[in-house]
Each structure stands twice: as C-alpha cells, then as structure tokens.
Amino acid sequence: MYENIKKLYQLMQKCNLCPKKCGVNRLKGEIGACKTAKEFKVASINLHYGEEPPISGKSGSGTIFFTNCNLSCVFCQNYPISQLGNGNFITTEELANKMIALQNKGANNINLVTPTHVYPMIAETLFIAKQKGLKIPILSNCGGYEQKEVLELMEPFIDIYMPDMKYSSDEMAKKYSKIDNYVANNRIAIKEMYRQKGTLKFNDNDSFA
Ligand code: SF4
C-alpha cells in the first residue's frame with residue numbers, strides 16, 4: 001500500500017491523475033483543471049440515506065463529498081461544491097478520524113464522492129484510517145473519467161466502484177462537460193473496475209428495506 005501511495009503522489013508532479021493530463025506540479029501548489037493542488041477540501045461528511053438502496057442500507061452510507069472535480073458538467077447537482085469550491089480544507093489525519101467516526105455511527109461503508117482528482121490523499125487517508133481500525137467497505141463514487149494506471153494503484157484501497165457512464169458521444173461530452181475524450185477513457189476505466197471487482201454481489205441475508 002505504501003508504494004502505491006508514493007506512486008500516486010508522484011503522478012501529481014506532472015499531473016496525469018486523470019485523462020485531462022494537465023501536467024502541472026500540484027505538489028508545488030500549481031493547479032490544473034480541477035483547481036486543486038495538494039491541499040484538499042471536503043464539503044460534507046455525513047450518513048446518507050438516499051444513495052442506491054444496497055449502498056445506504058438501513059443505517060446509511062458514510063458519505064464524503066470532495067470539493068472540486070476533474071469534470072465541468074453544466075448539469076452538476078453539486079455545482080457549488082464541484083465548480084465553485086465550497087468546502088473546508090482538511091488533513092489526511094483529520095479525515096481518517098472522520099472516517100472512524102462514521103464507522104462508529106454505524107455507516108455501512110465509506111462513500112467517496114468525486115474522488116478522482118484527490119486519489120493520492122484519499123489513499124494516504126485510508127492507510128491511516130485502517131491502522132486506526134477502519135473496517136467497513138470503501139466505495140468510489142466517481143464520474144468515470146479515470147486513468148487505468150491510477151485505478152490499478154487504487155486497487156488495494158477501493159472495495160466497490162460506483163462510476164458514472166455519462167456519455168456515449170464525445171460531442172455531447174464536449175458540449176456539456178467540456179472534455180474531449182470521455183467515451184474511450186470511460187470505457188477503459190469501466191473495464192478496469194470490472195476486472196478488479198467483478199459483478200455486484202449480495203449476501204443472502206442482506207436487507208435494504
Ligand atoms: S487531476 Fe486535475 S490537475 Fe490532474 S490531470 Fe486531472 S484535472 Fe488536471
């Protein structure tokens with residue numbers, strides 16, 4: 001895990017954490033399209049009961065909304081968070097403690113909303129949190145605009161992927177999310193997620209009602 005965290009941070013030196021490949025040195029404070037350097041913000045940390053029923057279950061999903069995004073979708077339901085930068089700075093140590101608090105409140109899982117541009121800090125946070133006793137599943141709730149190599153590095157940290165497949169037309173992706181190459185990258189990413197985790201499985205005694 002430690003080697004993966006190191007490699008993920010190295011990718012931020014000339015950032016190619018996502019297919020936008022901005023090439024900025026985020027470790028030195030430069031920012032690319034996601035407007036995030038190494039310091040990162042979260043907008044909310046709560047038990048969420050409105051996710052897909054298998055994710056929220058009865059006791060809620062431990063949902064963490066990360067500020068900013070590697071996409072710029074005009075229809076974003078979290079626009080003030082993803083595009084206007086609403087949120088507060090947090091350290092990996094502080095976030096690890098918040099994850100433990102969510103687990104103690106009964107969260108079914110840790111639900112990372114818009115994680116792609118902050119995967120290195122998330123990996124470090126999870127490493128710390130697991131040492132503190134975090135045991136519930138970790139879910140990546142992402143926009144599906146991902147790099148295969150980054151997903152490979154995140155494999156030990158993520159248990160469940162819940163990605164978007166926003167477009168099957170690059171023309172629409174350009175028009176509504178300002179990206180050139182969503183479709184091909186999204187399909188490669190989804191295949192990699194499927195290779196890692198396979199099909200969603202339920203325990204016989206799971207109940208979502
Ligand atoms: S994560 Fe951000 S800075 Fe890095 S390539 Fe993607 S949009 Fe650019």
Side-chain angles (χ1 to χ4, degrees), residues 3-43 64-92 95 111-127 138-158 161-167 170 172-193 196:
E3 273 306 306
N4 289 37
I5 296 168
K6 213 166 109 187
K7 286 180 186 166
L8 284 159
Y9 273 116
Q10 282 167 354
L11 292 175
M12 291 171 68
Q13 281 177 332
K14 219 176 168 189
C15 194
N16 61 350
L17 272 183
C18 88
K20 280 208 168 154
K21 298 185 181 171
C22 297
V24 294
N25 189 342
R26 292 173 58 187
L27 301 182
K28 289 200 167 165
E30 294 174 9
I31 55 171
C34 62
K35 302 177 199 143
T36 309
K38 187 181 175 216
E39 290 68 36
F40 66 112
K41 290 186 197 173
V42 295
I64 301 170
F65 283 85
F66 292 94
T67 300
N68 297 330
C69 185
N70 64 332
L71 300 173
S72 306
C73 307
V74 294
F75 50 80
C76 183
Q77 63 183 353
N78 303 319
Y79 195 88
I81 300 170
S82 69
Q83 305 303 312
L84 302 181
N86 286 13
N88 296 304
F89 286 108
I90 193 165
T91 66
T92 51
L95 187 55
N111 182 351
L112 307 164
V113 181
T114 320
T116 307
H117 61 303
V118 285
Y119 270 145
M121 292 74 101
I122 287 174
E124 183 186 339
T125 300
L126 290 169
F127 182 74
I138 309 301
L139 190 153
S140 170
N141 189 345
C142 63
Y145 188 56
E146 322 278 318
Q147 292 272 70
K148 182 171 180 280
E149 300 75 11
V150 174
L151 294 173
E152 286 167 356
L153 292 171
M154 288 303 293
E155 185 171 357
F157 300 97
I158 304 294
Y161 288 103
M162 197 163 72
D164 293 336
M165 291 187 86
K166 291 178 187 289
Y167 302 105
D170 278 326
M172 294 296 120
K174 178 77 174 169
K175 185 170 178 185
Y176 296 113
S177 295
K178 302 188 188 80
I179 38 178
D180 289 317
N181 51 0
Y182 183 88
V183 177
N185 282 297
N186 178 246
R187 289 177 184 178
I188 291 167
I190 300 288
K191 279 183 188 162
E192 172 59 19
M193 293 174 196
Q196 290 182 19

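Each ligand, and each atom within it, is numbered from 1 in the order the structure gives. These values consider heavy atoms only, across backbone and side chains, with no hydrogens, waters or symmetry-generated copies.
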Q: Of all the heavy-atom pairs spanning Glu146 and Ala189, show the shortest one and how long it is.
A: CB-CB, 3.8 Å

Q. Below 4.5 Å, heavy atoms only, C-beta onward: do Phe40 and Thr92 meet side chain to side chain?
A. yes

Q. So how many protein N, O or S atoms does atom 4 (Fe) of ligand 1 have within less than 2.8 Å?
A. 1

(Q) Given the ring of Tyr9, does Lys38 sit roughly above its face, with NZ or CZ under 6.0 Å from the centre of the six-membered ring and within 45° of the axis? (A) yes

Q: Using the test side chain to side chain contact (heavy atoms under 4.5 Å, CB included), find all partners of Thr114 that sit at least two apart in sequence or belong to another chain.
A: Cys69, His117

(Q) Students often mix this up, so state it plainly: with edges at 30° and 60°, are the rings of Tyr167 and Tyr182 parallel, tilted or perpendicular? (A) perpendicular

Q.
On a heavy-atom basis, which atom in Asn141 and which in Pro115 lie closest, and how many Å separate them?
A. O-CD, 3.6 Å

